[in-house]
Trainee: 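Okay, here's the structure, questions in a sec.
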Amino acid sequence: MLPKISFKLPPAKQTVEEYIASLIQKCPNLRTLHQIHGHFLKYPSPISHYALTKILSFSALSSSGNLRHARKVFDQFPQPNVFCWNSMIRGFSLVQHPSKEPIILYKEMLRRGFAYPNSYTLAFVLKACSIVLAFWEGMQIHSHAYKHGLDSSMFVQNALLNFYAKCEEIDYARSVFDEIPDRNLVVRSTMISGYARVGLVNEALELFREMQEVGIEPDEVTMVSVISACAKAGALDLGRWVHAFIERKKIKFDLELGTALIDMYAKCGQIERARNVFNEMEEKDTKAWSSMIVGFAIHGLVDDALEHFSRMLESKVKPNHVTFIGVLSACAHSGLVNDGRRFWSGHA
DNA sequence: AAGTATTACA
């Protein structure tokens with residue numbers, strides 16, 4: 001008996017592969033995906049392998065997907081191909097849930113020796129290393145990249161640069177950067193954020209200047225790191241100049257950039273400017289609220305800190321440990337021990 | 001078949 005779903009013939013001008021890919025993309029829920037999955041398991045055809053691979057990558061990567069399901073599909077392949085491995089490695093590299101799982105998968109891939117890593121594999125597993133700061137593993141992967149000639153891929157190059165930068169191995173990062181022939185916007189932004197991260201403010205700003213010199217226009221991602229460098233340096237004049245630059249160049253004012261500006265103004269002693277930026281933001285997430293609250297705390301503005309904390313809860317944004325550092329340090333500033341205890345125990 | 005860079009911590 002056929003499953004409940006029926007497969008229409010693909011419209012003309014579409015290959016069967018394209019048709020299956022679009023079918024899986026359009027899956028409204030996991031149940032439908034399971035039905036399609038079941039169909040291909042039940043009726044093996046030359047196309048089934050392709051379809052199962054697509055289902056695997058969809059489950060691993062799509063936001064409506066499901067990693068457990070991806071794993072189940074993956075385990076059914078006796079010999080997964082490189083595309084399957086890559087989908088798994090990337091799917092398990094979640095910033096929200098850091099784990100060494102992608103690194104374990106990579107090692108398992110090498111051990112089995114059926115599929116060989118390509119530039120996608122290395123870029124994905126290096127990203128995973130940079131999330132969990134797996135310095136030793138990342139260095140080994142760097143040497144694999146070199147040995148197998150995969151370090152000529154710009155994605156691998158940037159992944160290596162980003163990995164060393166996240167591990168705060170800034171000298172390694174810089175030597176990777178210097179070896180990259182095509183230092184595009186992303187590569188330069190990665191290096192700038194690395195310098196900003198370790199507090200090498202002048203180096204960050206020098207690179208920012210240099211990229212404009214060679215005619216590469218910074219975007220909103222670049223500017224977040226540049227602003228953060230100003231914040232770390234406490235360089236108000238420079239920060240204001242950079243803010244004006246953002247407006248002059250019509251750079252997209254997004255959530256991240258707004259948050260960076262709030263932090264910069266707060267750290268440079270301009271709490272009212274920070275507040276203005278905050279008020280101009282249409283959307284505020286945990287980090288935006290927390291930066292504002294911590295800013296008030298730094299300035300001893302207890303009432304503002306507490307009021308914003310209440311407003312944050314009202315707008316259903318979840319506080320995290322940074323928010324509480326802000327709230328509690330504001331209370332500490334004014335000796336409001338009882339208020340502090342109240343907020344801590346959640347009876348705000 | 002697919003991909004790179006972003007911020008807050010008394």
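Chain A is the first sequence line, chain B the second, and so forth, proteins listed ahead of strands; every chain is numbered from 1.
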Trainee: Out of dA2(B), dT4(B), dT7(B), which nucleotide sits closest to the side chain of Lys287(A)?
Mentor: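 Taking heavy atoms from C-beta onward, the closest nucleotide is dT7(B).
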Trainee: Answer yes if the side chains of Asn118(A) and Asn86(A) hold a donor-acceptor pair under 3.5 Å, and no otherwise.
Mentor: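 Judged by distance alone, the side chains do pair up.
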Trainee: Would you please classify the geometry between the Tyr172(A) ring and the Phe135(A) ring as parallel, tilted or perpendicular, with 30° and 60° separating the classes?
Mentor: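 Phe135(A) vs Tyr172(A) ring planes: tilted.
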Trainee: For Ser87(A), answer base if it contacts any base atom (sugar-phosphate contacts may also be present), sugar-phosphate if it contacts only those atoms, and nothing otherwise; contact means non-hydrogen atoms under 4.0 Å.
Mentor: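 Result for Ser87(A) = nothing.
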Trainee: Which part of the nucleic acid, if any, lies within contact of Thr323(A), taking any heavy atom under 4.0 Å across all strands shown: a base, the sugar-phosphate backbone alone, or nothing?
Mentor: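 Answer is nothing: Thr323(A) stays at 4.0 Å or more from every strand.
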Trainee: Do Tyr116(A) and His148(A) have a side chain donor and acceptor closer than 3.5 Å?
Mentor: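 No - no donor-acceptor pair under 3.5 Å links their side chains.
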Trainee: Side-chain N or O of Asn162(A) less than 4.0 angstrom from OP1 or OP2 on dA5(B)?
Mentor: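 Asn162(A) to dA5(B) OP1/OP2: side-chain N or O found under 4.0 Å.
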Trainee: Taking 4.0 Å as the cut-off, does a side-chain nitrogen or oxygen of Lys166(A) come that near to OP1 or OP2 on dT6(B)?
Mentor: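 True: Lys166(A) side-chain N/O within range (under 4.0 Å) of dT6(B) OP1/OP2.
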Trainee: Could you check whether the rings of His308(A) and Phe296(A) sit parallel, tilted or perpendicular, using 30° and 60° as the cut-offs?
Mentor: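 Taking Phe296(A) first and then His308(A), their aromatic rings sit tilted (interplane angle of 30° to 60°).
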Trainee: Counting the atoms with a prime plus P, OP1 and OP2 as sugar-phosphate, which does Asp182(A) contact under 4.0 Å by heavy atoms, base, sugar-phosphate, or nothing?
Mentor: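 Asp182(A): no heavy atom of the nucleic acid under 4.0 Å.
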Trainee: Kindly say if Lys127(A) contacts the phosphate of dA5(B), meaning a side-chain N or O under 4.0 Å from OP1 or OP2.
Mentor: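 Yes.
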Trainee: Look at all strands and tell whether Lys252(A) reaches a base, only sugar-phosphate, or nothing, counting heavy atoms closer than 4.0 Å.
Mentor: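 It contacts nothing in the nucleic acid.
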Trainee: Taking any heavy-atom pair under 4.0 Å as a contact, classify Asp254(A): base, sugar-phosphate, or nothing.
Mentor: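 Touches nothing.
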Trainee: Please classify the nucleic acid contact of Arg188(A) as base, sugar-phosphate, or nothing, using heavy-atom distances under 4.0 Å.
Mentor: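 The answer is nothing, as Arg188(A) stays clear of every strand by at least 4.0 Å.
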Trainee: Reckon Asp285(A) touches a base, only the sugar-phosphate, or nothing at all at heavy-atom distances under 4.0 Å?
Mentor: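 Touches nothing.
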Trainee: Arg197(A) has a side chain; which of dG3(B), dT7(B), dA5(B) sits nearest to it?
Mentor: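 My answer, after comparing the listed nucleotides, is dT7(B).
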Trainee: Any donor-acceptor pair under 3.5 Å joining the side chain of Asn86(A) to the base of dA2(B)?
Mentor: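 Checked by distance alone, the answer is yes.
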Trainee: Using centres under 5.5 Å plus planes under 30 degrees as the test, is Tyr120(A) stacked with dG3(B)?
Mentor: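 Tyr120(A) vs dG3(B): stacking yes.
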Trainee: If you look at every strand shown and take non-hydrogen atoms under 4.0 Å, does Ala297(A) touch a base, only sugar-phosphate, or nothing?
Mentor: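 Result for Ala297(A) = nothing.
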Trainee: What does Thr190(A) touch in the nucleic acid at a heavy-atom separation under 4.0 angstrom: a base, only the sugar-phosphate, or nothing?
Mentor: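 Sugar-phosphate: the residue Thr190(A), judged by heavy atoms under 4.0 Å, touches backbone atoms but no base.
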